[in-house]
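None of the values given here were measured: they were computed from a predicted structure. Atoms considered below: every heavy atom in the structure, side chains included; atoms not considered: hydrogens, waters and symmetry mates.
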Amino acid sequence: MSDLRVRFAPSPTGTLHIGGARTALFNYLLARKEQGTYVLRIEDTDVARSTQESVDAILDAMHWLGLSCDEGPFYQSDRFDLYKQKVQQLLDEGKAYRCYCTQEELDAKREAAMKAGGKPKYDGTCRNRTDSPDQPYVVRFRLPSDDGVTTFVDRIKGKISIRHEELDDLIIQRTDGTPTYNFVVVVDDAEMGMTLVIRGDDHINNTPRQILLYEALGYPVPDFAHVPMILGADKKRLSKRHGATSVMDYQKMGYLPEAMVNYLVRLGWSCGDEEIFSMAELIDKFTLENVGKSAGVFNPDKLLWLNTHYIKNGDPERLAGLLEEFLEMKGIDYAAGPDLVAVVKSLQERAATLVQMADGAAFYFSADLEFDEKTRSKFLTEENREIFQLISDNLSACQDFNEAALENAFAKILEETGLKFGKVAQPLRAALTGGSASPGIYEVLAVLGKERALKRIQRAMEQLS
RNA sequence: GUCCCUAUCGUCUAGCCUGGUCCAGGACACCGCCCUUUCACGGCGGCGACGGGGGUUCGAAUCCCCCUGGGGAUGCCA
């Protein structure tokens, strides 16, 4: 074990989405690589917006992606006593104070400051109050110095400085007594011993004030690594209006977790010209140094391509297991066969998603296929009766119903009749699959097996016109 | 408005730190050809970028400055 401790800290106000998943992935990879510790913390201090449903959705997604944590999940809602105590500590030390300004007053001041072209920050009205009126109040953290500069060296972005004049006394405890994000994140990251905080770069602006808080609380300041945001095709922050952004939406659409992981990691990180990475390779190769600094656009096409790759190269047994759910969703009863693994093998190069694979597999499990008009008029014709009979006879005579034997049988037919392969194969394909697009004809035959194949040819012959 | 971050093909990126080997490499998408029993897979090829302007230098995608574009923050959300 190294002493690296990182965490992923989502707030449970929705599902885990693409951006969060990537942040979690980076944390996970670095922890595994450095043999550090990866902690999961649920940031649910906003009690009104946090739901158990969201927590479950996030946990599900993490599990699906294979990002298991070493510690946690911890819930901030369980730690309010600790935060209270820390607020009190700052109050006692004079590093924080009660502010009695109302929301309305604050809003008005902000607006006025904006209008005057100034910075919309708290004016310090209650900073030096000595009375303590019996009114609702918030607790504000007093800026240690009004004219200094806080600088930190981000592990991804490099040196970042903010002048204190840009900051103001931030609220650390609300009127209702609950603590705010910028405060609890510091207390927790410190108390949980985080040595490195990897998070989205929308938090960069918060970092200097958090550093001030670490110092005020007497905590060591961790390292920071701010990863760039993910944008939609219009370069706007990725959101629902860009389509599916929830990780589990992709599971439902038939994507494989390894495709999602591979896609996510390459959005903002690279390793020379390499594109395909297994989790094990990522753990070996991932470094913060190769994470880019600029925001990236989410590209569904590339994700699809990766999914195609992983389906094509995936273990058929595993894929068969995953496919069941999608077959069931389409109301396909696959229990009576043909063998699901054989079905998968015949479809691996033809499906980009498990949904597509289920679509392509449907014909295998349908005893009485529906023929559309086009297929009927083109292939199920009286002129083809002889061909069907010939195929049927030859197939009946086939001892081994494997691809090699079938190929031989067909060679014989073609030789005897002088017909071109397509002349024979397409009508047969129609009889077997109900359409004109399918896996290789020998493959279909072999997967179906002799009995089913013959039955389908028979049935087609009954419908010639 | 102000502050912070950022800037190579349409998109993800390599190269930038340690200037010349870059008339800029890979991948996705797109287009064409080949393979072919259908649909696919695959193979080959094509299209396509250093945002603009100043410097520094014999030489800049690479270093410096300005501008512009994009993102973020500016909450008693996280």
Look at all strands and tell whether [X] reaches a base, only sugar-phosphate, or nothing, counting heavy atoms closer than 4.0 Å.
X: A/Cys99; answer: nothing
X: A/Ser161; answer: sugar-phosphate
X: A/Pro439; answer: base
X: A/Thr45; answer: sugar-phosphate
X: A/Gln103; answer: base
X: A/Val297; answer: sugar-phosphate
X: A/Glu43; answer: sugar-phosphate
X: A/Asn206; answer: base
X: A/Arg49; answer: base
X: A/Ser294; answer: sugar-phosphate

- Item | Distance-only side-chain donor-acceptor flag, A/Asp169 / A/Tyr97, under 3.5 Å |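 Per modelled atom types, A/Asp169 and A/Tyr97 side chains form a pair under 3.5 Å.
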- Donor + acceptor pair across side chains of A/Asp393, A/Gln389 (<3.5 Å):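 Result is yes, a qualifying pair exists.
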What is the distance, rounded to the nearest whole Å, between atom [atom1] of [X] and atom [atom2] of [N]?
X: A/Gln426; N: B/A40; atom1: CD; atom2: P; answer: 13 Å
X: A/Trp305; N: B/C12; atom1: CH2; atom2: C1'; answer: 11 Å
X: A/Ile311; N: B/C39; atom1: CD1; atom2: C1'; answer: 16 Å
X: A/Glu275; N: B/G26; atom1: CD; atom2: P; answer: 12 Å
X: A/Asp201; N: B/A78; atom1: CG; atom2: C1'; answer: 15 Å
X: A/Lys157; N: B/A73; atom1: NZ; atom2: P; answer: 13 Å
X: A/Asn290; N: B/A14; atom1: CG; atom2: P; answer: 8 Å

- Task: Hey, could you give me the CG/CD1 distance between A/Asn27 and A/Ile198, rounded to the nearest 0.5 Å?
- Result: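 Interatomic distance, A/Asn27 CG to A/Ile198 CD1, rounded to 0.5 Å: 4.0 Å.
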Below 4.0 angstrom from OP1 or OP2 of [N], is there any side-chain N or O of [X]?
X: A/Lys236; N: B/G71; value: yes
X: A/Lys235; N: B/U11; value: yes
X: A/Thr180; N: B/A78; value: no
X: A/Lys312; N: B/G42; value: yes

Select one nucleotide: of [options], the one nearest the side-chain heavy atoms of [X].
X: A/Arg237; options: B/A73, B/U37, B/C28; value: B/A73
X: A/Arg350; options: B/A73, B/G1, B/C39; value: B/C39
X: A/Thr175; options: B/C5, B/C76, B/G72; value: B/C76
X: A/Ile160; options: B/U38, B/C5, B/C12; value: B/C5
X: A/Ile204; options: B/C5, B/U6, B/U37; value: B/C5
X: A/Arg429; options: B/U38, B/U6, B/A78; value: B/U38
X: A/Asn299; options: B/C28, B/G72, B/C4; value: B/C28
X: A/His203; options: B/C12, B/G71, B/A78; value: B/A78

- Message: Does any part of the side chain of A/Glu407, heavy atoms only, come nearer than 4.5 Å to the side chain of A/Phe410, both counted from C-beta?
- Response: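 Answer no - side chains too far apart.
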- Message: Using O4'-C1'-N9-C4 for purines and O4'-C1'-N1-C2 for pyrimidines, with syn meaning within 90° of 0, is B/C41 syn or anti?
- Response: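 Syn.
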- Could you list the residues that satisfy ring-ring contact (aromatic ring centres under 6.0 Å, His included) with A/Phe141, not counting sequence neighbours?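 Partners of A/Phe141 under the ring-ring contact (aromatic ring centres under 6.0 Å, His included) test: none.
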Taking any strand in view, what nucleotide pairs with [N] in a Watson-Crick or G-U wobble way, both distances under 3.5 Å?
N: B/U74; result: B/G1
N: B/G69; result: B/U6
N: B/G59; result: none
N: B/G42; result: B/C34

- Message: Looking at the base of B/G42, is there any donor atom on it, or on the side chain of A/Glu349, that sits under 3.5 Å from an acceptor on the other one?
- Response: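 Flag unset: no donor-acceptor pair detected.
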- Heavy-atom closest pair, residues A/Phe371 and A/Ala430: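 Heavy atoms of A/Phe371 and A/Ala430 come nearest at CE2-O, 3.1 Å.
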- Describe, in one word, how the ring planes of A/Trp305 and A/His309 are oriented to each other, choosing from parallel (under 30°), tilted (30 to 60°) and perpendicular (over 60°).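 Ring orientation, 0 to 90° scale: tilted.
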- Using the six-membered ring wherever Trp is involved, compare the ring planes of A/Tyr137 and A/Tyr100 and label them parallel, tilted or perpendicular (cut-offs 30° and 60°).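 Because their plane-to-plane angle lies in the 30° to 60° range, the rings of A/Tyr137 and A/Tyr100 count as tilted.
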- Is the number of heavy atoms from other residues, nucleotides or ligands under 6.0 Å of A/Glu370 CD greater than 12?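 Open: at most 12 neighbouring heavy atoms sit under 6.0 Å from CD of A/Glu370.
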For [N] and [M], measure between their [atom1] atoms and round to the nearest Å.
N: B/U62; M: B/G55; atom1: P; value: 15 Å
N: B/C39; M: B/G72; atom1: P; value: 45 Å
N: B/A49; M: B/G10; atom1: C1'; value: 10 Å

- Query: Does the distance from a Lys or Arg side-chain N to an Asp or Glu carboxylate O, for A/Arg318 and A/Glu258, drop under 4.0 Å?
  - Reply: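 Salt bridge between A/Arg318 and A/Glu258, a charged N being under 4.0 Å from a carboxylate O: yes.
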- Query: Using a heavy-atom distance cut-off of less than 4.0 Å, which residues of residues 262-271 of chain A contact RNA chain B?
  - Reply: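 Those residues whose heavy atoms fall under 4.0 Å from RNA chain B, taken from residues 262-271 of chain A in numerical order, are A/Arg266, A/Leu267, A/Gly268, A/Ser270.
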